[in-house]
Every structure is written in structure tokens, then in C-alpha cells.
Amino acid sequence: MSLSRSAPIERRMPPPVARISQISKYEGQEVELRGWLYGKRSSGKLHFLQVRDGSGVIQAVVFKNEVPTEMFARADHILQESSIVVRGTVRADKRSPLGFELGVNHVEVVHEAKDYPITPKEHGVAYLMEKRHLWLRSARQNVILRVRHTVEKAIRDFFDEDGFTLVDAPIFTPAACEGTSTLFEVPYFDLGKAYLTQSGQLYMEAAAMALGKVYCFGPTFRAEKSKTRRHLTEFWMVEPEVAFMDLEEDMTLAERFICSIVQRVLDKHEREIREVLERDTSKLQTVKPPFPRMTYGEAIERLNKAGHPSKWGDDFGGDEETVLASQFDRPVIVHRYPADLKAFYFKRDPADPRVALGMDVLAPEGFGEIIGGGQREDDFDALLGRIEEHKLPVEAFEWYLDLRKYGSVPHAGFGLGVERTVSWLCGLHHVRETIPFARMMERITP
RNA sequence: UCCCCGAUAGCUCAGCUGGUAGAGCGGGUGACUGUUAAUCACCAUGUCCGUGGUUCGAGUCCACGUCGGGGAGCCA
């Protein structure tokens with residue numbers, strides 16, 4: 001099959017297979033690249049093949065007089081996204097954005113891609129979402145997925161290095177945290193109905209009493225009919241929970257946690273975020289502790305001063321979050337919300353029983369709430385009263401109440417949404433691009 | 001659930017007060033030894049979302065429907 005120029009008798013050893021991301025290690029050497037044709041330009045006696053292998057894109061230059069005539073002619077007819085194998089010499093070249101290109105002596109097509117639907121020109125998001133399985137191959141999506149990977153790795157490393165134990169929470173749950181309307185319902189044998197988890201928090205509280213510092217990291221399901229750029233029906237959330245931790249320490253943990261993620265992403269991807277995603281990374285360089293902290297009451301005052309009339313008791317929507325967040329160059333923490341706005345399990349502030357010891361972290365530049373959390377109610381009677389007030393089935397929470405019966409301690413935690421975080425770091429308009437295959441109200445394919 | 005917008009070539013879109021459709025990309029053929037969304041020339045391509053209606057005549061106007069997008073509400 002191969003039309004090698006070398007004599008057929010002395011078969012040459014095939015060159016080593018290289019990854020494009022590691023190409024600088026092979027300067028001056030002959031390598032084999034296995035990948036797909038990302039793009040192509042032709043100039044008569046030479047063809048420029050943009051080859052991608054999943055780790056990067058390199059330009060492979062095919063000169064007419066350096067390969068057999070037939071191979072040169074075929075190289076001009078390789079279609080976009082055909083899988084190919086190229087061999088050649090790695091050489092430094094200032095004209096290349098990568099710094100290196102490949103001087104080709106052999107090209108072969110593994111499989112021809114006819115009529116690849118995503119062309120180098122613009123496409124609508126709806127069309128691209130329809131072709132999501134192919135869209136993932138594009139440079140932008142490659143960067144976003146790599147950033148997501150780094151965010152998830154940074155999350156794991158942060159907690160692992162801080163003495164936390166990863167505890168997996170169940171996906172099937174017997175009842176809602178508060179009201180069943182927002183949960184996905186599934187049939188569950190003779191036990192009736194089960195629901196897909198909305199949060200692992202309650203289980204983490206139990207685990208924290210067992211292991212002290214724990215976190216869970218998994219998918220979360222919300223059945224709200226939300227059609228906004230900040231919502232998915234299936235998304236990933238990490239939820240740490242720590243025994244003997246109060247609200248102040250919770251906020252400090254959230255701050256350190258976010259800073260470590262941002263720093264890791266900048267260390268690994270600053271250049272591609274700036275160049276490929278065209279996101280201004282200076283807006284991420286300023287993300288250092290301490291984050292501004294304000295009470296809900298102070299936030300309301302700020303909103304009024306900013307010409308955005310609000311009164312005590314109002315919840316914040318996207319607009320309010322953006323107004324508050326835009327006043328700072330780093331995430332802002334809002335704490336002590338009216339208890340009525342928060343879930344039943346938050347502890348009331350002893351200094352002001354109208355407010356709950358909850359906090360939200362709002363990302364800058366209008367990217368919204370990335371963290372929600374707080375200190376939990378640790379008193380048996382108070383918690384039981386709260387469950388009854390919310391008209392929740394006490395039987396379903398008996399195990400949860402047990403935690404307040406046997407060695408209860410102050411404890412706190414939070415949940416961070418992976419997609420909103422990636423969306424912020426990458427500067428993306430919509431969270432749907434931050435997850436490989438988005439699940440939304442009106443989309444379940446591909 | 002509500003409000004706004006849209007649907008024309010494989011894709012992105014243009015198509016004015018109604019007169020039977022067009023540009024770029026992608027594809028094909030050819031030119032070009034340094035292109036970076038290469039360039040240049042030529043070629044092919046349409047249930048103008050659907051159903052009614054108005055009209056001599058509808059891609060264009062009207063009604064209804066379908067699908068999609070954006071936003072709000074909702075959302076620890």
C-alpha cells in the first residue's frame with residue numbers, strides 16, 4: 001500500500017509515533033502522526049495539511065518533489081476530517097503558531113470522510129449542538145474539554161491534598177430535599193418511585209460525621225423547566241462537607257478552593273484560553289484571596305445604591321447577581337440570606353433569627369452563582385421543627401435526624417457547579433458548551 | 001407557563017412597496033513552491049418549514065400550526 005521512496009529490499013524501521021503536544025521533543029527526527037485532516041491549503045507544488053491528533057494541530061507540508069507523484073496528487077484530495085497517517089521530519093519554523101511543522105515524506109488515508117458537515121465557516125449553535133458528536137473535534141471545543149478536565153482534576157487534588165475523603169453519594173434517592181416538583185421520577189421495583197439526585201449533601205453530612213472531612217463529586221439532576229444559558233437538566237457538582245466547621249470557615253474554604261482551581265487552569269491553559277477562546281485572562285489573574293464578603297442586607301443596600309431597587313426578602317435573579325458581581329474584580333460572597341429564601345437544613349443565625357447561615361459565591365462578569373452552601377442546623381428540635389414547617393415527610397428524614405441525635409456537631413459545606421465554573425473560566429456565553437453532551441429541557445441527543 | 005425573534009442551497013445568510021431565487025463556505029475541474037478562514041477562474045445544487053387565505057400572481061402579505069433560538073419565571 002505504501003509507496004515508500006526507499007528501496008523495497010531494505011525495509012525501513014517505521015518512525016516512532018508522536019503526539020502533537022509533545023512534538024518539540026522530536027525536532028529533527030522523523031515521526032509518524034496518526035490523526036485527522038483538520039484543514040488543507042494547496043499551492044501548486046506543495047500542499048499544507050493541517051493534521052490534528054487530539055492533542056493539538058500541526059501543519060504537515062507536502063512538497064511535490066519529496067513524495068511519489070501519485071501520493072502528491074492524492075494528498076490534494078483528502079477531505080476534511082478524513083483519518084490519516086503522515087510521516088515526516090519535525091522541524092522548527094517561525095511561521096508556525098506551534099513553532100514546528102512536519103516535512104512530509106509519506107501520507108496515507110485510513111478512512112475517507114465524505115461531506116463532513118462542519119465546515120471552516122461559521123455555523124449556528126443549534127446546528128452545532130445537533131452535530132455535537134462531531135463539534136467536539138473543533139479547536140474551541142478541544143480547549144473547553146481540556147479546561148473542564150483540568151477543573152475536575154484540580155477539584156480532586158484540592159480536596160485530596162487537604163485531607164478530605166471522597167465519598168460517593170447515591171444517584172437514586174427516595175424523596176426530595178424540598179418538594180418533589182423539580183425531581184426526575186423513575187419507577188423503582190416494588191418500592192414505588194425513586195428520584196434522581198438533586199444533591200448529595202444530606203448524605204455528605206452523614207459521611208462527615210464518620211470521616212470528618214468529605215466530598216462527593218458526581219452528576220446532579222434538576223427537572224425544572226429552565227431555559228436559560230445557566231441551566232442544564234444534568235450537570236456535575238462537587239460538594240464538600242466538614243464536621244466542626246462554621247460559616248466563616250466555610251467561606252474561607254470556598255475561597256481557597258476557587259483560587260486553587262483558577263490558578264491551575266491558568267497554569268495549564270492560559271495561552272489557549274486567550275488565543276483560541278479569545279477570553280481576556282487578565283480577568284482571571286485577579287482572582288486571589290480575600291474575596292469581598294457582604295451580608296444579604298448589605299447586598300440589598302448596594303443594589304439600591306447601584307440604581308437597582310430591591311427590598312429585604314427579594315431573592316436575587318441573574319440581573320441582581322450581575323450588578324453585584326460587576327462591582328468587584330474577583331468572586332464575591334453574599335451570606336446570611338433571609339431564612340425563607342433558603343432550604344430547611346440551614347442553621348439560623350443566633351444573632352438574627354430572620355437569617356440563615358447560608359452563603360453564595362457569585363462569579364465576576366455576570367457568570368452567576370457558582371457556589372451555594374452554608375452551616376447546617378445541628379440541633380435536633382430545631383431541625384425537626386423546620387422539617388415540619390416545610391411540610392416534608394418526617395419518616396424520610398429520620399436517618400438525617402439521627403445525625404443530630406448521636407454526637408451532633410456544628411458543620412458546614414457547599415456545592416460548586418462544574419459547568420458554571422468552566423463557563424466562567426472559558427468566558428462562554430452558555431453552559432451547554434462546557435459539558436460534552438448537554439442535557440437540556442429540549443435536548444437529549446446526541 | 002409567559003414575552004420577544006426566527007425558519008430560503010449541505011452550512012452561514014441576502015432577497016426593498018408582491019412579478020417564479022443569490023453570495024460566501026463546503027464539493028468538483030484547472031492555475032499557483034510558504035499558505036494561515038490562502039487566492040484566482042469555471043461548474044453543480046433548492047418541497048423558499050407546513051396548511052389554509054388574500055391576489056391575475058406569494059419566498060415576500062394575513063391566520064393557524066410545527067420546529068428552533070433568546071430571555072423571564074422557576075432554580076439550595
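Numbers restart at 1 for each chain; the letters A, B, ... are given by sequence-line order, proteins then strands.
Qualifying side-chain hydrogen bond (donor to acceptor under 3.5 Å, both in side chains) partners for Asn304(A), counting only residues two or more places apart in sequence or in other chains: none. Looking at residues two or more places apart in sequence or on another chain, you find no ring-ring contact (aromatic ring centres under 6.0 Å, His included) involving Phe346(A). Annotation: side chain to side chain contact (heavy atoms under 4.5 Å, CB included) contacts of Asp53(A) (sequence neighbours excluded): Arg19(A), Ile20(A), Ser55(A). Partners of Asp280(A) under the side-chain hydrogen bond (donor to acceptor under 3.5 Å, both in side chains) rule, at least two apart in sequence or in another chain, are Ser282(A). The side-chain hydrogen bond (donor to acceptor under 3.5 Å, both in side chains) check on Ser83(A) picks up nothing, with sequence neighbours excluded.
To the nearest angstrom, P of A76(B) lies 10 Å from CG of Asp360(A). Going from atom OH of Tyr116(A) over to atom P of G28(B) covers 17 Å, rounded to whole Å. The CZ atom of Arg336(A) sits 17 Å away from the C1' atom of A76(B) (whole-angstrom rounding). To the nearest angstrom, C1' of C75(B) lies 13 Å from OH of Tyr337(A). Separating the CZ atom of Phe48(A) from the P atom of C32(B) is a distance of 15 Å, rounded to the nearest angstrom. Atom-to-atom, CG of Leu46(A) to C1' of G34(B) comes out at 6 Å; the value is rounded to the nearest Å.
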Intra- and interstrand pairs of RNA chain B - dot-bracket, Watson-Crick/G-U under 3.5 Å, | marks other strand: (((((((..((((.....[..)))).(((((.......))))).....(((((..]....))))))))))))....
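The side chain of Tyr345(A) lies closest to A76(B), out of A76(B), U33(B), U35(B). Which of G70(B), G28(B), G34(B) sits closest to the side chain of His430(A) comes down to G70(B). The listed nucleotides are G28(B), G34(B), G71(B); the one nearest the side chain of Leu79(A) is G28(B). Nearest nucleotide to the side chain of Asn65(A), out of U33(B), G70(B), G34(B): U33(B). Checking G34(B), A76(B), G27(B) against every side-chain atom of Asp93(A), the shortest atom distance belongs to G34(B). In this structure, of G71(B), A76(B), U33(B), it is A76(B) that holds the atom nearest to the side chain of Gln201(A).
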Produce the list of close N/O pairs, under 3.5 Å, pairing protein atoms with atoms of nucleotides 6-12 of chain B; give distances to one decimal.
residue : atom : partner   : partner atom : Å
C11(B)  : O2'  : His123(A) : ND1          : 2.3
U12(B)  : OP1  : Gly124(A) : N            : 3.4
U12(B)  : O4'  : Glu122(A) : O            : 3.3

Please list each protein N or O that sits under 3.5 Å from an N or O in nucleotides 47-49 of chain B, with the distance.
none

Show each protein N/O and nucleotides 72-74 of chain B N/O combination with a separation under 3.5 Å, one pair to a line.
residue : atom : partner   : partner atom : Å
G73(B)  : O6   : Lys225(A) : O            : 3.3
G73(B)  : O6   : Lys227(A) : N            : 3.0
G73(B)  : N1   : Lys225(A) : O            : 2.7
C74(B)  : O2   : Ser226(A) : OG           : 2.5
C74(B)  : N3   : Ser226(A) : OG           : 3.2

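Donor-acceptor pairing under 3.5 Å is lacking for the side chains of His390(A) and Glu388(A). In this model, a donor atom of one side chain and an acceptor atom of the other lie less than 3.5 Å apart for Glu205(A) and His411(A). With hydrogens and angles left out, the side-chain atoms of Gln80(A) and Thr119(A) include no donor and acceptor closer than 3.5 Å. Donor-acceptor pairing under 3.5 Å is lacking for the side chains of Ser96(A) and Arg91(A).
Remark: the separation of the P atoms in A63(B) and G46(B) is 32 Å, to the nearest Å. Taking the P atoms as reference points, G18(B) lies 37 Å from G26(B), given to the whole Å. The gap from the P atom of C13(B) to that of G70(B) amounts to 13 Å, rounded to the nearest Å. With both ends at atom P, the span from C67(B) to G50(B) equals 15 Å, rounded to whole Å. U45(B) and G6(B): their P atoms are spaced 31 Å apart (whole Å). Across the P atoms, U51(B) and A58(B) are found 14 Å apart, a figure rounded to whole Å.
The ring of Tyr203(A) has its center closer than 6.0 angstrom to the ring center of Trp399(A). In this structure, His335(A) has its ring center at least 6.0 angstrom away from the ring center of Tyr296(A).
When each of Lys64(A) and His77(A) is assigned the nucleotide of RNA chain B with its nearest heavy atom, His77(A) is the one assigned upstream, toward the 5' end. In terms of position along RNA chain B, the nucleotide closest to Arg432(A) lies nearer the 5' end than the nucleotide closest to the other residue of the pair Arg432(A) and Gly415(A).
The side-chain hydrogen bond (donor to acceptor under 3.5 Å, both in side chains) contacts involving residues 426-437 of chain A comprise Gln141(A)-Glu433(A), where partners must be two or more places apart or lie in separate chains. Counting only residues at least two apart or on different chains, the salt bridge (charged side-chain N to carboxylate O under 4.0 Å, His left out) pairs with a member in residues 313-325 of chain A are Lys311(A)-Asp314(A). Annotation: ring pair (Phe, Tyr, Trp, His ring centres under 6.0 Å) contacts involving residues 369-389 of chain A, sequence neighbours excluded, are absent.
For the pair Thr220(A)/Trp236(A), no side-chain contact is recorded, criterion being any heavy-atom separation below 4.5 Å from C-beta on.
Residue side chain Gln59(A) reaches the base of U35(B) through a donor-acceptor N/O pair under 3.5 Å, judged by distance alone.
As judged by a 4.0 angstrom heavy-atom cut-off over every strand, Glu101(A) is placed among the base-contacting residues.
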